[in-house]
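Order of the sequence lines fixes the chain letters, A, B, ..., with proteins taken first and strands second; residue numbering starts at 1 for each chain. If you're wondering where the values come from, they're calculated on a predicted model, not measured in any experiment.
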2 protein chains.
Amino acid sequence: MPKKRILPYVLLGLINNKGSLSGYQISQEFKNEVGDFWHASHSQIYPELARMKDDGWLMDKIEDTSTFYALTDKGHQILREWMEEPLTDNEELFSLKLYFIKDKSDPLLKVLLNQELAIKYEKYNYLQKRLQAVFTDDEKIKHNFGHYLILTRAIEREQNHIDWLDKQL
Amino acid sequence: MPKKRILPYVLLGLINNKGSLSGYQISQEFKNEVGDFWHASHSQIYPELARMKDDGWLMDKIEDTSTFYALTDKGHQILREWMEEPLTDNEELFSLKLYFIKDKSDPLLKVLLNQELAIKYEKYNYLQKRLQAVFTDDEKIKHNFGHYLILTRAIEREQNHIDWLDKQL
DNA sequence: GAAGACATGTAATTCGTTACATGATTTC
DNA sequence: GAAATCATGTAACGAATTACATGTCTTC
């Protein structure tokens, strides 16, 4: 199966957040806030918006020189389904979905944090096992010092992320 | 300018670490240790090795059914140059280069840690500025709670990384 | 009237993944 | 002798970046 695309859902989320957006405005969004964790060029955005309109996810209204897009009922449903889909081990997915949660009391927030926590726990355990399997004695550390550093760093990073998630929950 | 490819340097680094490797052995490596921070499929590896041999980075010796590759003088030089090239804001680059450092006393180790520290400092400051610019009052936090969470999380993450780098230096 | 932002589009290129193919050797 | 692993290769496809292209509107 081909890898699941993220861009269409990002566009749905962004348009949904603002009510309606033009292709140009979306490319501006990527230069600002959203740009910290996702990016797309205008040559990707415009054809994607057209495809999404074809598929009935979006409707457009042309005003002056700009074409504005808004979510159809189907678009809302697809966005909701994507938001509720279990997270995979993908750093960006967590950030993106979180970005689309506007309200602290949204029940999805807790779900997301718990999903991420489970993923991070698993990763933490995996890395710990890796460390024990690869670095059985000091000689091994001495002769693969860089590898030892990244592994221990990765573990500390997961630990820090888990602590933060715990704190939020 | 096109984005700098990483794969050829990863192959150089891996082959250099082991002295010589076949395409098949490299794809196995990606299933083990290196696989935690980089991956390539065999359909990428074989043509890339051939290209690198054409360019004089590698030489090959055929034994039984396998073709083993080793670095030429030029290959060593190119790998060294890449290792000494300043880091960019790219999580994987730091891990990869670290992986290729075998010995704790390698002077490149300190250079890498300092480069990464500078990048992380910059990112930390950038994110702090972003937080202050976007979330000027509690209302803003309340109505963009997800965004607020990721931003504060990202800042804490950079902080944790900086602490770790400081500890190592 | 020149420069820069607004606004949208397509074409060419590059890179990576998946799928298709083939043949040898080893192990149950 | 069937299945799994070793070992290498190419073709098809999808997605993203860069470049090419065009036209308006605003501001100095």
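Other residues, nucleotides and ligands place more than 12 heavy atoms under 6.0 Å from the NZ atom of Lys4(B).
Residue His39(A) is the one, among Thr65(A) and His39(A), whose nearest nucleotide of DNA chain D lies closer to the 5' end (criterion: closest heavy atom).
Here Ser66(B) reaches the OP1 or OP2 of dA7(D): one of its side-chain N or O atoms lies under 4.0 Å away. Here Arg5(A) reaches the OP1 or OP2 of dA15(D): one of its side-chain N or O atoms lies under 4.0 Å away. Of the side-chain N and O atoms in Gln44(A), one or more sit less than 4.0 angstrom from OP1 or OP2 of dT17(D). Distances shown here put a side-chain N or O of Tyr24(A) below 4.0 Å from the OP1 or OP2 atom of dC6(C).
Ser43(B) contributes no side-chain N or O that forms a donor-acceptor pair with the base of dT8(D) under 3.5 Å.
Base contact: Ser41(B) has a heavy atom under 4.0 Å from a base atom. Residue Thr67(A) is classed as a sugar-phosphate contact, given heavy-atom separations below 4.0 Å to backbone atoms only.
Residue Leu7(A) has its side chain nearest to dA16(D) when only dA16(D), dA19(D), dT10(D) are considered.
One atom, CD of Glu92(A), and another, P of dA15(D), lie 16 Å apart when rounded to the nearest Å. Counting to the nearest Å, the C1' atom of dT18(C) and the NZ atom of Lys3(A) are 12 Å from each other. Here dC6(D) presents its P atom at 11 Å from OH of Tyr46(B), a figure rounded to the nearest Å. Atom pair Leu49(A):CG and dT8(C):P shows a separation of 9 Å (rounding to whole Å applied). Atom pair Phe30(A):CZ and dC6(C):C1' shows a separation of 18 Å (rounding to whole Å applied). Ile45(B) places its CD1 atom 12 Å from the C1' atom of dA7(D), with the value rounded to the nearest Å. Rounded to an integer number of Å, the gap from CD of Glu29(A) to P of dA7(C) is 14 Å. As a whole-Å value, the separation of Ile26(B) CD1 from dA7(D) P is 13 Å.
Cation-pi geometry between Arg157(B) and Trp164(A) is not met at under 6.0 angstrom from the ring centre and within 45 degrees of the axis.
In this pair, Trp82(B) and Tyr9(B) present their aromatic rings parallel. The plane angle is below 30°, not in the 30 to 60° band.
The shortest heavy-atom contact between Ala40(A) and Leu7(A) is CB-CD1, 3.7 Å.
In summary, of the residues considered (Glu116(A), Glu156(A), Lys123(A), Lys120(A)), a side-chain hydrogen bond (donor to acceptor under 3.5 Å, both in side chains) with His161(A) occurs for Glu116(A) alone.
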